[in-house]
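Protein chains get the first letters and strands the later ones, always in sequence-line order, with residue 1 at the start of each.
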2 protein chains.
Amino acid sequence: MHKASVDNRTRVLNAARELLQTRGINAFSHRDLAERVGIKSSSVHYYFPTKEDLGVALIRSYQHELTEFFEATATLPTVIERLTRFCGLFEGTAKAGGRLCLAGMLASDFATLGPSLQSEVRAFFQLVEAWLAAQAALSKPERSPAANADLSQLAFSLLEGVLLSARVFDDPDRTRRAARHIQQLFGSPSV
Amino acid sequence: MHKASVDNRTRVLNAARELLQTRGINAFSHRDLAERVGIKSSSVHYYFPTKEDLGVALIRSYQHELTEFFEATATLPTVIERLTRFCGLFEGTAKAGGRLCLAGMLASDFATLGPSLQSEVRAFFQLVEAWLAAQAALSKPERSPAANADLSQLAFSLLEGVLLSARVFDDPDRTRRAARHIQQLFGSPSV
DNA sequence: GTCTATAAGATGATAGAC
DNA sequence: GTCTATCATCTTATAGAC
């Protein structure tokens with residue numbers, strides 16, 4: 001059961017992820033994907049009948065990877081370290097050709113999405129904010145749940161926003177300054 | 001020299017602004033604009049030959065209004081008040097049907113823009129951050145220029161980002177929580 | 001799975017009449 | 001200024017052969 005190389009479905013997904021994060025869902029076509037993968041656009045339709053299907057598959061795989069990230073970093077000793085890693089994801093995104101977060105891009109395209117894709121985007125935001133709120137609670141147990149929720153929204157909004165300016169100014173380092181601020185917000189390390 | 005009503009050029013600009021802030025520049029057409037204004041798409045081309053022309057006109061008028069805002073609020077006695085007003089602009093944007101900042105939306109469409117439009121977006125970001133840095137300097141004169149620049153980037157990124165989540169959760173109040181945080185960051189009122 | 005062929009409709013844009 | 005007419009191209013698909 002060894003895969004010598006990625007199958008075309010995965011190749012389409014990878015190409016689509018890059019195009020979505022750089023151009024937005026309304027600025028690339030099945031043909032663009034087909035050309036990058038080296039197949040015909042009808043073959044793209046074979047894997048993802050509609051663009052909505054493609055979008056849903058994209059955010060689900062993105063969310064899946066995030067879940068794996070959460071599991072992998074759960075064993076780290078401090079909130080500080082987990083937060084550093086998390087912010088590092090955004091730094092990597094900014095450095096990858098000025099991409100945006102896939103969910104953030106879909107949020108900016110929100111009004112053009114079908115209901116099922118909108119739900120997925122909302123679920124992704126909720127997942128991130130819930131994790132951040134949990135980290136905030138761990139970091140300073142004396143902080144109220146409302147304050148933790150506030151903090152998590154603040155941190156995620158800041159990271160999404162900084163990707164926009166990082167791309168406009170071609171300056172991925174902006175993500176690190178945002179990360180530093182978030183670390184300060186979450187306060188002194190504990191758990 | 002009295003204008004009884006707005007001319008069609010202005011009507012096109014207004015319709016385009018709403019469509020750009022809600023759908024992004026790649027998700028509306030000259031036909032969409034024409035239908036909303038009640039003219040034909042060729043008439044839209046008369047005012048704005050290319051979409052790039054339209055985009056440039058949109059951000060220039062947006063920036064012009066911001067400049068007027070800066071002038072109008074320059075007389076306010078405190079940084080706190082000016083900052084409150086500024087954040088109020090974003091609250092209004094979120095409440096206007098979950099719009100994004102026009103420049104923020106163009107930032108997310110950045111990779112699909114022509115060079116002239118990209119320059120305009122960059123200039124807009126610079127204008128905002130320069131103003132915010134100036135407010136930071138006024139607020140706490142003992143703060144370093146680098147810290148002021150940091151703060152201004154942070155504040156603008158946060159406001160841009162919170163518009164994304166405000167729209168995803170259909171919750172414009174998120175902008176107010178962001179505003180509160182920004183006020184705290186800028187510190188105690190002075191000038 | 002991947003292809004060719006095809007379709008209906010949208011899109012950005014232009015020419016020329018009024 | 002606004003229109004009709006037209007254009008080449010793109011877009012999202014679908015049908016059916018291999």
* Please work out which of the three classes, parallel, tilted or perpendicular, describes the rings of B:F156 and B:F124, given edges at 30° and 60°. => tilted

* Asked: Between A:Y46 and C:dG1, does any side-chain N or O lie under 4.0 Å from OP1 or OP2?
  -> yes

* **Geometric cation-pi criterion B:K95 and B:F90, 6.0 Å radius, 45° cone** => no

* Below 4.0 Å: OP1/OP2 of C:dG1 and any side-chain N or O of A:N8 -> no

* **Cation over ring face, B:K40 and B:Y46, 6.0 Å, 45°** => no

* Are the charged groups of A:D150 and A:R143 less than 4.0 angstrom apart, N to O? -> no

* In residues 19-40 of chain B, which residues come under 4.0 Å of DNA chain D by heavy atom? -> B:I39, B:K40

* Asked: What about A:S41: does its side chain form a donor-acceptor pair under 3.5 Å with the base of D:dT11?
  -> no

* Asked: Would you say D:dC3 has OP1 or OP2 under 4.0 Å from some side-chain N or O of B:S43?
  -> yes

* What class does the angle between the rings of B:F70 and B:W131 fall in, given that below 30° is parallel, 30 to 60° is tilted and above 60° is perpendicular? -> parallel

* Using a strict cut-off of less than 4.0 Å between a Lys/Arg side-chain nitrogen and an Asp/Glu carboxylate oxygen, indicate whether A:R17 and A:E65 qualify as a salt bridge. => yes

* Asked: Whole-Å distance between C:dG1 P and A:D7 CG?
  -> 8 Å

* Nucleotide nearest A:Y47 (side chain, heavy atoms from C-beta), chosen from D:dA5, D:dT14, C:dG1 -> C:dG1

* To do: Could you state the atom-to-atom distance from CZ of B:F48 to P of C:dT14 in whole Å?
  => 15 Å

* If you check every side-chain atom of A:H45, which of D:dT14, C:dA13, D:dA5 has the closest atom? -> D:dT14

